[in-house]
Amino acid sequence: MTDVKIVTGLNYGDESKGLVANAVSTPTCLNILPSNSCQRAHTVVENGVRKVFRHFGSGTLKGAATYFTDKFLVNPAMFRQEWEELVATGITPKVYVRLGAICVTPIDMFANVNVEERRGEESHSSTGCGVWETICRHKALALKFSQGIYAFKDIVAYYEDVLKDENGVLPENVKEFLHGDCLKDNIDEDFVWFYEHVTLIKDQWEETQLLHSYPLLVFENGQGLLLDDRYSRDINHNTPAYVGMTEAERILYKNFLRKEVNVEALYVTRPYYTRHGKGQIGLWSNCECDKDDINPLMFDATNVPNPNQGTLRYGKIDELEAKAIAARVVNDSISPLFDVTASMVITHCNEYINDYLFAAADNQNLNLYVSYDETNIRKV
């Protein structure tokens, strides 16, 4: 029997999914990144070490291995930087990558920033990581190159067309970047380095062998459910990835029988809302408030202001919102394929106590965990 934990944020991200994924990870488990990309930033504190992971699973500091599925977008340049930072601390991570995973290039990131600047006040509050641009580029060039096969000249030609201004002219700064002397060499070097430092999973048989070789699988989703188009219709400020049970269930179905896995879905929320960038806070009404209305003494070392998304925003969770949050747990955890234990995890309880969330979890008969620090969760 393989134990499976599926960690999902209930709201707009920043719920402390990294904390929860690390708390349930072990040195002999496999952290699976089922979707999303380098825009994820999961904070982990382990043995006094504080680390923000974009590509690596949150159990990495414990010794857990990481697996990128074919729906996770890999950025080889950012991966290399993270890898080298880990190695400098004495940790050499073990990473598996499914053949077919799409790669993000610096060109996609440049295009992302360029497009956001053109939008001005109508910006989508993108992270600047080029995820949406990569997805669109990959679809547009699908006939030119097959699943993840890198073709530099095709990417340049694609963005020469996409990044033209309203007069159909390619701005000089864009032209200079796309045809920079070292751009291709640097990208080639990062791609080669990346594939030399990971283990490639080439087909379904190899994936099944990999997943069955670990006693614990921790699926680590990279965004909150309210940034998924299925739960929120605020398309301009959502993220192009399915989270929750969707991708985890797809992977499990291809590799396990129902009787072979023991699945617990852990849905994470703070006792208050947080959101980066634009868009309404709250499902039923605008719950936005000042940070001081939650707790004036709060200090978040991770969610600092940034030029792409501004300052972290806050909102209060009232009784109606708490019921909606608990309902998302129930609805998302329903699976016709596997028996799933649905659990809610309330983090940051040292900052704020929300009795509405406790009552909503109880009314839905959910398993409830709480966290009062950055390292552990405990069952209530």
Check for me whether Lys94 meets the cation-pi criterion with Tyr96, that is, NZ or CZ under 6.0 Å from the six-membered ring centre and within 45 degrees of the ring axis. yes

Where does the angle between the aromatic ring planes of Tyr272 and Tyr314 fall among parallel (under 30°), tilted (30 to 60°) and perpendicular (over 60°)? tilted

Working note: Arg98 + Glu207, criterion salt bridge (charged side-chain N to carboxylate O under 4.0 Å, His left out); need CA distance, chi angles, decisive distance, verdict. CA-CA 8 Å; Arg98 183 71 156 92; Glu207 181 179 81; 3.5 Å; yes

Out of the candidates Glu85, Glu46, Glu82, only one should pair with Lys51 under the salt bridge (Lys or Arg N to Asp or Glu O under 4.0 Å) rule; please name it. Glu85

Any donor and acceptor pair, going by atom type alone, linking the side chain of Arg40 with main-chain N or O of Arg54 inside 3.5 Å? yes

Is the ring pair Phe194/Phe79 parallel, tilted or perpendicular, if the boundaries are 30 and 60 degrees? perpendicular

In terms of hydrophobic clustering (I, L, V, M, F, W, Y; side-chain heavy atoms under 4.5 Å; direct or indirect links), are Ile325 and Tyr12 co-clustered? yes

Which word best sums up how the rings of Trp193 and His197 line up, parallel for under 30°, tilted for 30 to 60°, or perpendicular for over 60°? parallel

Please tell me whether Ile201 and Phe256 are part of a single hydrophobic cluster in this structure, the criterion being side-chain heavy atoms less than 4.5 Å apart. yes

Kindly work out whether a path of hydrophobic side-chain contacts (I/L/V/M/F/W/Y, heavy atoms less than 4.5 Å apart) joins Ile377 to Leu61. no

All salt bridge (charged side-chain N to carboxylate O under 4.0 Å, His left out) counterparts of Asp292, not counting sequence neighbours: none

Please tabulate, for the side chains in residues 260-269, all donor-acceptor contacts under 3.5 angstrom to protein atoms that are two or more places apart in sequence or on a different chain.
from: Glu260; atom 1: OE1; to: Leu257; atom 2: N; distance (Å): 2.7
from: Asn262; atom 1: ND2; to: Asp3; atom 2: OD1; distance (Å): 3.2
from: Glu264; atom 1: OE1; to: Lys5; atom 2: NZ; distance (Å): 2.7
from: Glu264; atom 1: OE2; to: Ser343; atom 2: OG; distance (Å): 2.7
from: Glu264; atom 1: OE2; to: Tyr369; atom 2: OH; distance (Å): 2.9
from: Tyr267; atom 1: OH; to: Asp332; atom 2: OD2; distance (Å): 2.7
from: Tyr267; atom 1: OH; to: Ser333; atom 2: N; distance (Å): 3.3
from: Thr269; atom 1: OG1; to: Asn11; atom 2: ND2; distance (Å): 2.9

